[in-house]
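To keep things clear, I will list the structure first and then write my remarks on it.
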Amino acid sequence: MNDKNWQNEDAAEKFFASLDKGEIGGIDPELVPYLDSTEEKTVENPIAETEAIRNLVEFSLLAGPLPEVVEEVSADSEDDHAQLLRRAQEDAKLRAKVHQIYQQIQARAPEHDVQPSTARVQKALYYLGDPQNAYDTIHITGTNGKTSTARMIDALATAQGLKTGRFTSPHLQSVTERISLEGQPISADSFIRAWEDVKDIIGLVDEDGVRLSFFEVFTVMAYAAFADYPIDLGVIEVGMGGKWDATNTIDSKVQVITPISRDHEKWLGSTLTEIATEKAGIIKPGSVVVLAHQPEEAREILLQKAAEVGAYVRELGTDIKVVSRQNAVGGQLISVRTPAALYEDIYVPLFGAHQADNAAVALAAFEAYEGGDPVNPLIVEHGFAAVTSPGRAEIVRASPTIMIDAAHNPGGAKVLAALIEEMGYRNPVGVFSAMGDKDVEAVLAEVEPVLAEIVLVEMSGDRAMSLQRMQQIAVEVFGQDRVKLAETLPEALDEAVTLSENSGDALVGSAVIAFGSVVFVGEVRDLFRKGA
């Protein structure tokens with residue numbers, strides 16, 4: 001149930017059921033008077049009409065007077081309702097257009113299906129006047145922690161008063177999350193405008209040879225949108241790898257390399273040395289490179305590349321240290337030493353030692369961007385206090401605790417397992433789903449020691465691993481008795497909550513951990529955002 005001021009919960013439940021089924025005509029009749037209060041009751045696209053009505057509910061625009069007292073509502077109030085409905089309908093049209101554009105771009109080849117080259121993106125950017133050169137950039141690669149670190153750098157820069165643009169992937173719920181302006185997802189109309197600005201150039205480059213991939217198009221859109229805004233600093237996350245990644249068309253002042261582990265082995269290589277070599281490709285001559293903790297074989301490659309191009313290295317564990325950390329309500333307090341200063345008792349509203357490390361790396365990176373001088377402690381305090389990292393060790397429900405985490409590779413699963421142990425949950429139960437090309441056995445092996453049981457459910461999408469295949473793998477890791485299956489996501493969550501609460505332990509310590517594919521975590525998050 002949405003946390004709205006509904007005075008008739010039965011009507012609200014019917015309303016949302018009709019929306020979920022796509023049945024416009026199924027709207028509860030008690031709500032019809034609100035729609036009758038405007039001359040423009042429908043839009044051309046029935047999906048957009050559904051979205052318009054949903055928008056009204058989501059933002060409490062229909063939580064006003066009950067239908068039985070509509071006659072007592074003043075004319076001004078009725079005009080307000082009509083205006084709000086029209087505004088919601090316009091928003092729905094924009095969202096429908098964004099979805100249409102996304103479908104067009106998604107129909108292109110994925111990044112790994114084209115030959116490794118940045119030439120296509122460079123050509124498109126050249127035709128656009130090289131918008132990526134209009135602002136400074138910090139470039140981020142690695143295997144895990146990229147998005148959280150990007151959001152932290154963004155928050156620090158925003159607190160400093162800089163206008164920021166952040167490019168990350170994949171998205172959790174809306175494609176507009178990939179391109180952020182001043183910490184917020186790009187608006188629907190700005191997304192549409194960004195596409196309109198680049199689509200002819202994209203078509204021109206397509207005609208010259210291999211069509212731009214899905215991710216290449218988004219990179220061009222982001223760089224152009226940032227210049228159009230305009231921004232002062234772009235925080236750019238690599239899509240995959242580094243050397244041949246579409247984002248590696250910028251001349252960044254600072255590069256950040258988060259922990260490297262095995263992922264995308266089909267395209268980046270099967271050894272850490274091969275993967276690190278690809279990721280080292282973003283290191284630029286004369287820049288500052290900030291390294292998180294790395295496996296020794298990856299570290300050697302990164303240090304060698306930095307030495308070759310004359311880049312300055314700042315490394316977590318030597319130049320940068322998390323001096324102390326302790327859990328606090330909603331997050332943790334950390335003290336960090338960087339090459340320039342000691343920053344004490346910083347509140348970070350995120351959980352886990354890995355987020356403390358991410359914060360230290362982000363702070364050192366921003367410090368390097370600012371010329372190496374200490375950052376004003378108030379900027380650090382306000383910046384980190386504003387940090388969010390959706391889908392990364394995020395608590396979406398408190399009683400019982402339900403945490404979501406996009407741990408979709410062995411490295412991420414290892415970090416998640418450490419966090420579960422640190423949080424001290426009793427009888428934690430996992431809910432899991434994955435893409436078909438992931439190393440599910442290695443992921444589940446990392447979390448098996450800290451999960452009492454696991455519930456499997458097949459996520460949406462053509463790339464999803466089948467429930468039967470996940471079951472085969474999970475039984476090998478957990479054993480038959482500890483593996484449960486569910487047909488739908490709500491059933492999976494309900495089963496996991498029941499298993500956790502029936503353990504005999506105190507309810508305060510029970511927890512459900514929904515993890516796996518970013519797409520799957522987005523589905524869980526969306527379910528709770530709508531009031532599941």
Side-chain angles (χ1 to χ4, degrees), residues 45 48 51 90-111 114 118 120-140 147 150-151 154 157-158 162-208 211-240 245-252 522:
N45 188 328
E51 282 298 312
E90 287 303 314
D91 183 61
K93 289 179 182 178
L94 291 175
R95 292 188 185 202
K97 180 64 174 177
V98 167
H99 181 71
Q100 181 185 38
I101 293 170
Y102 178 48
Q103 292 296 104
Q104 291 175 18
I105 300 174
Q106 198 174 33
R108 291 171 172 268
E111 187 78 346
V114 294
T118 59
R120 293 177 297 278
V121 174
Q122 287 175 331
K123 184 178 290 186
L125 293 173
Y126 172 77
Y127 288 153
L128 289 166
D130 285 322
Q132 78 282 8
N133 295 333
Y135 40 85
D136 293 333
T137 52
I138 295 176
H139 207 181
I140 305 171
T147 299
R151 296 178 75 95
D154 190 343
T158 299
L162 299 175
K163 291 184 178 179
T164 61
R166 186 179 71 243
F167 182 52
T168 57
S169 61
H171 59 274
L172 274 175
Q173 293 163 295
S174 170
V175 67
T176 57
E177 298 166 16
R178 292 173 178 252
I179 304 172
S180 290
L181 296 166
E182 298 196 71
Q184 299 299 319
I186 191 171
S187 65
D189 57 340
S190 294
F191 181 92
I192 295 166
R193 188 163 57 250
W195 167 248
E196 295 292 337
D197 288 345
V198 306
K199 69 176 184 179
D200 290 342
I201 296 299
I202 297 295
L204 188 63
V205 176
D206 285 344
E207 292 174 359
D208 288 344
R211 280 164 51 90
L212 273 76
S213 71
F214 167 87
F215 187 74
E216 287 173 330
V217 170
F218 271 109
T219 300
V220 173
M221 285 178 62
Y223 288 175
F226 292 161
D228 184 63
Y229 189 67
I231 64 168
D232 302 310
L233 174 65
V235 184
I236 312 298
E237 178 188 321
V238 162
M240 183 175 67
D245 189 76
T247 63
N248 201 25
T249 44
I250 53 176
D251 187 19
S252 54

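Starting from 1, each residue takes its place in the sequence as its number.
- Listed by chain and residue number, F167, I179, F226 satisfy the side chain to side chain contact (heavy atoms under 4.5 Å, CB included) test with A222 (two or more places apart in sequence, or in another chain).
- With values rounded to the nearest 0.5 angstrom, F214 atom CZ is found 11.0 Å from R108 atom CZ.
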Handout entry: R193 vs D228, side-chain contact (heavy atoms from CB on, under 4.5 Å): CA-CA, chis, key distance, verdict
Key = CA-CA 10 Å; R193 188 163 57 250; D228 184 63; 4.3 Å; yes

Practice task
Check step by step if side-chain contact (heavy atoms from CB on, under 4.5 Å) holds for F218 and S169.
Solution key: CA-CA 10 Å; F218 271 109; S169 61; over 6 Å; no

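- Atom CD of E216 and atom OG1 of T247 lie 11.0 Å apart (nearest 0.5 Å).
- Inspection of the T164 and D154 side chains reveals an N or O donor paired with an N or O acceptor under 3.5 Å.
- Here the OG1-CG distance, from T137 to D251, works out to 7.0 Å after rounding to the nearest 0.5 Å.
- In this structure, the side chain to side chain donor-acceptor pair (under 3.5 Å) partners of K199, at least two apart in sequence or on a different chain, are E196.
- With sequence neighbours excluded, no residue forms a side chain to side chain donor-acceptor pair (under 3.5 Å) with D197.
- Shown here are the side chain to side chain donor-acceptor pair (under 3.5 Å) partners of Q103, two or more places apart in sequence or in another chain: there are none.
- Judged by distance alone, with hydrogens and angles left aside, the side-chain atoms of S174 form a donor-acceptor pair with the main-chain N or O of T176 at under 3.5 Å.
- Not counting sequence neighbours, the partners of A227 by the side chain to side chain contact (heavy atoms under 4.5 Å, CB included) test are P131, A134, Y135.
- Atom-to-atom distance recorded for L204:CG and K123:NZ is 8.5 Å, nearest 0.5 angstrom.
- When atom types are taken as modelled, the side chain of D232 and the backbone of D136 share no donor-acceptor pair closer than 3.5 angstrom.
- Rounding to the nearest 0.5 Å gives a distance of 10.5 Å between CD1 of I250 and CG of L125.
- When side chains are defined from C-beta on, N248 does not count as touching V238, because their heavy atoms never get closer than 4.5 Å.
- Applying the side-chain hydrogen bond (donor to acceptor under 3.5 Å, both in side chains) test to every pair with at least one member in residues 124-133, sequence neighbours left out, gives these pairs: D130-Q132.
- Every residue two or more places apart in sequence or in another chain that forms a ring pair (Phe, Tyr, Trp, His ring centres under 6.0 Å) with H171 is listed here: Y102.
- For the side chain to side chain contact (heavy atoms under 4.5 Å, CB included) test, residues two or more places apart in sequence or in another chain that qualify with P170 are R178, V518.
- Here the closest non-hydrogen pair linking I201 and A124 is CG2-O, 3.6 Å.
- Y229 is linked by a ring pair (Phe, Tyr, Trp, His ring centres under 6.0 Å) to nothing, counting only residues two or more places apart in sequence or in another chain.
- Legend: ring-ring contact (aromatic ring centres under 6.0 Å, His included) pairs involving residues 176-206, not counting sequence neighbours: none detected.
- Qualifying side chain to side chain contact (heavy atoms under 4.5 Å, CB included) partners for A194, counting only residues two or more places apart in sequence or in other chains: M221, A225.
- In this structure, L172 and E177 approach most closely via the heavy-atom pair N-OE1, 2.9 Å.
- Two residues are said to be in side-chain contact when any heavy atoms from C-beta on lie closer than 4.5 Å; Q104 and Q100 meet this criterion.
- Within the model, atoms NZ of K163 and CG of L233 stand 13.5 Å from one another, a figure rounded to the nearest 0.5 Å.
- Distance alone, capped at 3.5 Å, places no donor-acceptor pair between the R120 side chain and the V205 backbone.
- Residues satisfying the side chain to side chain donor-acceptor pair (under 3.5 Å) criterion with T147, sequence neighbours excluded, are E237.
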